K.L.:
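I have a structure here, written as structure tokens, and I will follow up with some questions on it.
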Number of protein chains: 2
Amino acid sequence: MDDYSENLDLLFGALSDPTRRGILSRLCQGPASVGELKEPFLMALPNLLKHIRLLENSGLIETQKYGRMRICSLKPDALIPTEKWLEEQHRLMEGRLDRMEAYIETLKTTKAKENPDEQT
Amino acid sequence: MDDYSENLDLLFGALSDPTRRGILSRLCQGPASVGELKEPFLMALPNLLKHIRLLENSGLIETQKYGRMRICSLKPDALIPTEKWLEEQHRLMEGRLDRMEAYIETLKTTKAKENPDEQT
DNA sequence: AGAATAGTCATCCATAAGGGTAACAATAAG
DNA sequence: CTTATTGTTACCCTTATGGATGACTATTCT
């Protein structure tokens, strides 16, 4: 469950742009050509292509040429690593949030007195 | 449930870096100072501070000064928008993936014959 | 006061993002 | 063959990222 690490950069990075999230949402309704995907956006085609390439590179979509058009489609399992990471965060967080005030109190009262070996 | 849109950029962007994900995971175990957060990483403090500032700006963490140290802590609900977005994607995807081959077949066989009103 | 510690600010650098335009395939249609 | 459509490549520009360093502030310790 740590094999995804490298890919998480690309996945979360791909999701960090509204154009790309829009493309993904649209592809949920089925595959679409580059031109179709461009429709809702004002930007020029080459820019949209760059987003598509980035999505492809992240593994979130795949594309295929049919004649002169390129059809893009979702790779539905591609989001799983991101969901796993988020779940893991929740697991780690479990029941540990209430330690916050206690921790800060500890910092203010005990300071370094009892940890003489803690440096750097 | 669409109010999060602007913030998703920042949230997913914040998650797209291993250092920042590492910081978040560590903060699941409770608040920590800037120096403590730096420990596992090789980079210099100023760089780590930039990551912290970015996380803070994304709303994923909050920080507070206690004496000369800055204590960072998770804002536990901050990840919710990302989870909602992912869930929404799943909802949209529901049962629509099997249309893929059919769609492509349609493209190959019917072409534009029966859609004379479809342009641009 | 003086020294150590923890953090911060200012630069610098290389690369990537995200947008644009112009020119150029390649395929399809007439 | 000629033209239109669809996508692609090559640049350009501006800003953001992610790293590094050096100098500096603010607090704490002695």
Side-chain angles (χ1 to χ4, degrees), chain A residues 6 8-23 31-58 61 63-72 104 107-120, chain B residues 6 8-23 31-58 61 63-72 107-116 118-120:
Chain A
E6 334 111 11
L8 285 173
D9 290 17
L10 288 174
L11 289 173
F12 282 126
L15 297 179
S16 72
D17 180 86
T19 301
R20 289 193 291 269
R21 288 195 306 275
I23 290 173
S33 70
V34 174
E36 283 175 313
L37 290 173
K38 198 212 82 60
E39 273 181 49
F41 303 105
L42 295 173
M43 75 184 65
L45 246 200
N47 303 317
L48 197 98
L49 229 210
K50 282 203 275 188
H51 286 295
I52 289 177
R53 288 269 138 89
L54 198 153
L55 283 168
E56 204 176 1
N57 188 43
S58 77
I61 71 171
T63 77
Q64 203 174 349
K65 268 282 202 177
Y66 286 94
R68 66 180 156 180
M69 47 208 306
R70 177 176 297 277
I71 303 301
C72 309
I104 288 167
L107 274 177
K108 287 196 289 192
T109 58
T110 76
K111 295 173 185 173
K113 291 176 199 164
E114 31 189 335
N115 312 321
D117 288 324
E118 229 181 59
Q119 78 286 49
T120 325
Chain B
E6 333 111 13
L8 285 174
D9 291 16
L10 289 174
L11 289 173
F12 282 127
L15 297 179
S16 72
D17 179 87
T19 301
R20 289 193 292 268
R21 287 196 306 277
I23 290 173
S33 70
V34 173
E36 282 175 314
L37 290 173
K38 198 210 84 60
E39 274 180 48
F41 303 105
L42 294 173
M43 76 184 65
L45 246 200
N47 303 318
L48 196 97
L49 229 209
K50 282 205 276 187
H51 285 295
I52 289 176
R53 289 267 136 90
L54 199 154
L55 283 168
E56 204 176 1
N57 188 43
S58 77
I61 72 170
T63 76
Q64 203 173 350
K65 269 280 201 176
Y66 285 93
R68 66 181 157 181
M69 45 207 310
R70 177 175 298 279
I71 303 300
C72 309
L107 275 176
K108 287 196 288 192
T109 58
T110 75
K111 295 174 184 174
K113 290 176 201 166
E114 32 188 335
N115 312 323
E118 230 183 58
Q119 79 287 44
T120 323

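None of these values were measured; they are calculated from a predicted model.
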K.L.:
If you only use heavy atoms from C-beta on, which nucleotide in D:dG7, D:dA20, C:dT21 is closest to the side chain of B:Ala44?
P.N.:
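Nearest to the side chain of B:Ala44 among the choices is D:dA20.
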K.L.:
Restricting to non-hydrogen atoms, name the atom on B:Thr19 and the atom on B:Phe41 that form the minimum distance, rounded to 0.1 Å.
P.N.:
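Looks like O-CZ, 3.6 Å.
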K.L.:
Of the nucleotides C:dC9, C:dG18, D:dT27, which one has an atom closest to the side chain of B:Arg68?
P.N.:
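Selected nucleotide: D:dT27.
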K.L.:
Give the nucleotide from the list C:dG7, C:dG20, D:dA20 with an atom nearest to the side chain of B:Met69.
P.N.:
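Minimum distance to the B:Met69 side chain belongs to C:dG7.
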K.L.:
If I take atom NZ in residue B:Lys65 and atom P in nucleotide D:dT25, what distance separates them, rounded to the nearest angstrom?
P.N.:
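In whole Å, D:dT25 P and B:Lys65 NZ are 14 Å from each other.
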K.L.:
Please pick, from C:dG18, D:dG19, C:dA22, the nucleotide with the shortest atom-to-atom distance to any side-chain atom of A:Pro46.
P.N.:
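When the side chain of A:Pro46 is considered, C:dA22 is the closest of C:dG18, D:dG19, C:dA22.
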K.L.:
Calculate the interatomic distance between B:Lys38 atom NZ and C:dG7 atom C1'; express it in whole Å.
P.N.:
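Roughly 13 Å, once rounded to whole Å.
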K.L.:
Have a look at A:Lys50 and say if it touches a base, only the backbone sugar-phosphate, or nothing, with a 4.0 Å heavy-atom cut-off.
P.N.:
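Base contact.
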K.L.:
B:Glu36 CD to C:dT5 P: how many Å, rounded?
P.N.:
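Rounding to the nearest Å, CD of B:Glu36 and P of C:dT5 are 16 Å apart.
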K.L.:
Just how far, in rounded Å, is P of C:dA6 from CG of B:Leu37?
P.N.:
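Going from CG in B:Leu37 over to P in C:dA6 covers 13 Å.
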K.L.:
Can you tell me which nucleotide in D:dA10, D:dG7, D:dG22 comes closest to the side chain of A:Arg70?
P.N.:
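The closest nucleotide is D:dG7.
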K.L.:
What is the distance from CE of A:Met43 to P of C:dA17, rounded to the nearest Å?
P.N.:
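In whole Å, C:dA17 P and A:Met43 CE are 15 Å from each other.
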K.L.:
Could you state the atom-to-atom distance from CG of A:Leu55 to P of C:dG18 in whole Å?
P.N.:
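Distance check: A:Leu55 CG to C:dG18 P gives 10 Å.
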K.L.:
Is there a side-chain contact between B:His51 and the phosphate of D:dT17, meaning an N or O under 4.0 Å from OP1 or OP2?
P.N.:
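So the side-chain polar atoms of B:His51 never come under 4.0 Å of the phosphate oxygens OP1 or OP2 of D:dT17.
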